[in-house]
Amino acid sequence: MRYSKFFLPTHREVPSEAEIISHQLMLRAGLIRKLTSGIYNYLPAGLRSIRKVEKIVREEMNRAGAIELLMPAVQPAELWQESGRWEYYGRELLRFKDRHNHDACLGPTHEEVITDLVRKEIHSYKQLPINLYQIQTKFRDEIRPRFGMMRCREFIMKDAYSFDADEKGAEKSYELMYEAYNNIFRRCGLEFRAVEADTGSIGGSFSHEFMVLAKTGEDQIINCSKCDYAANLEKAEVKWEPSEPDTSGDDKMEPIEKVETPNIKTVEEVTAFLSISPEQLVKTLIFRSNGDVIAALVRGDHEINEIKLKNLLGTEQVELADSELVTEITGAPMGFAGPSGLKLKIVADHAVKEMKNFVTGGNKQDLHLRNVNMERDFQVDLFGDLRTITPSDACPRCGNGISFGRGIEVGHIFKLGTKYSETMDALFLDQQGAEKPIIMGCYGIGVGRTVAAAIEQNHDDEGIIFPIPIAPFEVVILPLQMHETEVLEAAEKIYEELSEEGLDVLIDDRDMRAGIKFKDADLIGTPIRVTLGTRNLKTGQVEMKIRAESESLLIPLQDASRVIKEKVKELYDSIK
RNA sequence: CGGGGCGUGGCGCAGCCUGGUAGCGCUCCUGCUUUGGGAGCAGGAAGUCGGAGGUUCAAAUCCUCUCGCCCCGACCA
């Protein structure tokens with residue numbers, strides 16, 4: 001490609017709308033332009049990068065036995081009503097009416113459409129297993145789009161759906177996708193990690209997220225220092241074992257004691273006021289859960305995990321109560337809630353089970369209680385893992401230490417089970433002639449987000465440092481003196497030779513000063529830069545520089561194409 | 001939806017408090033000089049100051065409403 005004939009508008013200045021580095025660089029390097037909030041144009045260079053990710057995705061999906069198809073963006077409301085998600089998906093689902101006043105939506109995902117297709121066409125175990133995928137534009141009307149390509153409303157997604165006759169087959173399909181995803185992100189040149197995750201609104205029983213490791217990631221992830229356990233913070237299990245029964249006799253229940261705590265509300269304030277440690281206090285949190293109100297108890301030094309709470313309760317939604325509701329339920333302003341005397345369902349974290357003679361709120365303004373004990377002073381309806389893991393916790397699998405990090409979710413795979421096939425009657429006849437629901441899995445990759453994550457992970461002060469497999473161009477050639485025929489001809493020759501080899505080459509044939517060409521080449525992040533100038537051509541040499549390295553080297557002009565080609569191969573090999 | 005911030009040539013911003021000729025840097029165009037890390041000089045183009053209403057002799061500036069965008073939170077792949 002000739003820069004002069006291409007459409008690659010770069011900016012020197014950082015657009016004020018962009019906060020994170022990948023967003024800034026994608027705008028500056030001319031990869032994307034915003035149309036409106038959360039909706040972007042992919043400019044030609046950005047599209048090239050997108051297409052390269054798609055190509056890797058296709059190759060690995062096909063290799064795993066999946067089959068590509070393409071489903072519509074526009075979907076009828078009936079299917080969503082049938083699955084129940086017309087209500088449940090909420091305002092993120094962009095709805096509209098067509099001219100006949102029929103409700104429709106723009107697909108944020110395609111479980112309904114694919115399940116409908118499969119139930120109509122697949123009726124026998126002989127047609128299973130099958131895994132169908134597409135690369136298609138999705139629309140999710142995000143409450144708050146942000147960070148450029150990271151959280152858009154309209155975005156390109158690869159989504160795959162597997163259909164199996166039995167649980168064992170479904171597990172196999174899941175593992176195939178797990179492997180394929182590892183291959184895809186490795187081949188994109190990314191540093192990533194598969195972590196256990198919550199299933200969210202897609203539903204299902206089990207899932208992994210593929211996280212590109214980056215400081216600016218929206219998700220917190222934890223991983224074990226010894227074994228291969230890794231999980232999203234919101235999912236990470238807390239290791240809990242009942243401790244040995246205390247036989248020392250120190251566990252005697254003391255009489256309950258009221259303490260005046262004027263305007264002392266937070267855990268910090270209460271523990272300081274009473275000279276106790278947070279481990280001696282139980283936090284009582286009031287939640288709204290599908291119309292019910294419940295109380296959740298965690299130890300003072302622990303944080304409630306709403307997702308775990310939601311899963312323990314088996315409800316679709318939990319919401320921390322507002323001050324009005326707290327006052328109504330406990331009879332006291334926020335900060336003085338306690339479990340004793342509450343006429344509510346009470347759930348508690350495992351750690352609370354071990355506690356004796358602890359402090360809670362007194363359900364009265366400016367009152368706390370000392371020496372509160374379970375059973376005697378209140379009953380817990382349900383115990384469970386309710387708290388967020390902390391750095392001092394042990395790995396839930398092997399018991400060794402864990403570490404915290406941040407990641408960008410670029411892929412997510414789910415074991416769906418029969419959630420959709422049962423509600424939508426996607427059934428098949430097994431070998432015995434018995435009718436059964438098909439067992440499903442679904443598997444997504446954010447294509448644009450993968451490009452953004454790659455930039456987030458690979459950049460410096462000058463701009464992007466693209467991993468070569470997803471770079472818009474593999475090689476950029478800079479003829480510095482456009483009026484020197486010697487320079488121009490040498491550059492053209494290398495350009496033609498490399499292009500004929502099938503490499504993606506950009507030649508910066510603009511009549512611009514050298515500095516501008518260097519700056520743009522660095523900004524765009526092309527892995528290999530070849531500079532031709534009168535200075536080095538005098539001695540028959542051209543300069544080759546790897547974007548990711550600081551040193552450049554001189555190579556003889558006559559060997560240039562061969563050496564560059566070898567370097568391209570070397571860069572690819574370093575990734576595989 | 002709650003909190004905060006911002007809308008002024010393509011981009012980045014000043015001007016607003018205290019109303020009175022719409023400015024700066026970059027970009028863009030022309031010419032000359034320059035030419036290995038975002039050149040210099042000279043000339044030039046480009047803005048209904050987000051929109052609507054109001055106050056006023058006079059509004060980018062003050063008031064009211066409204067639309068859009070960004071950030072934090074809630075929420076969510």
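Proteins come first, then strands; the chains are lettered A, B, ... in the order of their sequence lines, and each starts at number 1. Because the structure is predicted, anything quoted here is derived from the model rather than measured. Side chains are part of it too, since the values below use all heavy atoms of this structure and drop only hydrogens, waters and symmetry mates.
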Legend entry - A:Ile135 side, atom CD1; A:Lys158 side, atom NZ - distance, nearest 0.5 Å: 8.0 Å

Inset, instruction - Could you check whether A:Arg153 gets within reach of a base, just the sugar-phosphate, or nothing at all, counting any heavy atom under 4.0 Å? - result: nothing

Legend entry - Side chain of A:Ile143 - closest among B:A74, B:G37, B:C76: B:A74

Legend entry - P gap between B:C28 and B:C67, integer Å: 38 Å

Legend entry - Distance-only side-chain donor-acceptor flag, A:Tyr420 / A:Arg85, under 3.5 Å: yes

Legend entry - Watson-Crick or G-U counterpart of B:C76, or none if no pair lies under 3.5 Å: none

Inset, instruction - Quick one: label A:Arg529 by what it contacts on the DNA or RNA (base, sugar-phosphate, nothing), any heavy atom closer than 4.0 Å. - result: base

Inset, instruction - Looking only at side-chain atoms of A:Leu523, point me to the closest of B:G68, B:G36, B:G38. - result: B:G38

Inset, instruction - Whole angstrom is fine here: how far is it from NZ in A:Lys34 over to C1' in B:C6? - result: 12 Å

Inset, instruction - Provide the distance between the two P atoms, one in B:G38 and one in B:C63, to the nearest whole Å. - result: 46 Å

Inset, instruction - Sticking with atom P, work out how far B:G40 lies from B:C57, rounded to a whole angstrom. - result: 49 Å

Legend entry - A:His11 side-chain proximity, nearest of B:C11, B:C13, B:G38: B:C11

Legend entry - Atom pair distance, as rounded to whole Å: CZ in A:Arg513 and C1' in B:G38: 9 Å

Legend entry - Sugar-phosphate only, base, or nothing, as touched by A:Gly533 at under 4.0 Å among non-hydrogen atoms: base

Legend entry - Whole-Å P distance, B:U64 and B:C17: 15 Å

Inset, instruction - Counting heavy atoms from C-beta on, name the nucleotide in B:G37, B:C11, B:C1 closest to the side chain of A:Glu13. - result: B:C11

Inset, instruction - Check whether the side chains of A:Asn305 and A:Glu234 place a donor and an acceptor atom closer than 3.5 Å, and report yes or no. - result: no

Inset, instruction - Write down the distance separating the P atoms in B:G36 and B:U21, rounded off to the nearest Å. - result: 47 Å

Legend entry - Lys/Arg-Asp/Glu bridge criterion (N-O < 4.0 Å) met for A:Arg547, A:Asp460: yes

Legend entry - Identity of whatever pairs with B:G7 - Watson-Crick or G-U, under 3.5 angstrom: B:C67

Inset, instruction - Select one nucleotide: of B:G38, B:C69, B:G36, the one nearest the side-chain heavy atoms of A:Phe518. - result: B:G36

Inset, instruction - Test for a donor-acceptor pair under 3.5 Å between the base of B:C70 and the side chain of A:Arg146, counting only N and O atoms. - result: no

Inset, instruction - Could you pull out the closest heavy-atom pair between A:Thr539 and A:Gln541, with the gap in Å? - result: OG1-OE1, 3.1 Å

Inset, instruction - Please figure out whether A:Ile516 or A:Asp511 has its closest RNA chain B nucleotide nearer the 5' end. - result: A:Asp511

Legend entry - Rounded interatomic separation in angstrom, taking CZ from A:Phe147 and P from B:C70: 11 Å

Legend entry - Nearest-0.5 Å distance that lies between atom CZ in A:Arg140 and atom CZ in A:Arg151: 9.5 Å

Inset, instruction - Take atom C1' in B:G25 and the same atom in B:U61, then report the distance between them in whole Å. - result: 23 Å

Inset, instruction - With P as the reference atom in both, quote the distance from B:G7 to B:A14 in angstrom, rounded to an integer. - result: 7 Å

Inset, instruction - In whole angstrom, give me the gap between the C1' atoms of B:C62 and B:G19. - result: 8 Å

Inset, instruction - Give a yes or no on whether a donor-acceptor pair under 3.5 Å exists between the nucleobase atoms of B:U27, that is its base, and the side chain of A:Arg12. - result: no

Inset, instruction - Figure out the CZ/C1' separation between A:Arg144 and B:G2, and round it to whole Å. - result: 12 Å

Inset, instruction - Flag the pair A:Glu456 and A:Arg449 as a salt bridge only when some basic side-chain nitrogen lies within less than 4.0 angstrom of an acidic carboxylate oxygen. - result: no

Inset, instruction - Would you mind telling me which residue lines up with the more 5' stretch of RNA chain B, A:Ile445 or A:Glu17, judged by nearest nucleotide? - result: A:Glu17

Inset, instruction - Would you mind classifying the nucleic acid contact of A:Glu543 as base, sugar-phosphate or nothing, using non-hydrogen atoms under 4.0 angstrom? - result: base

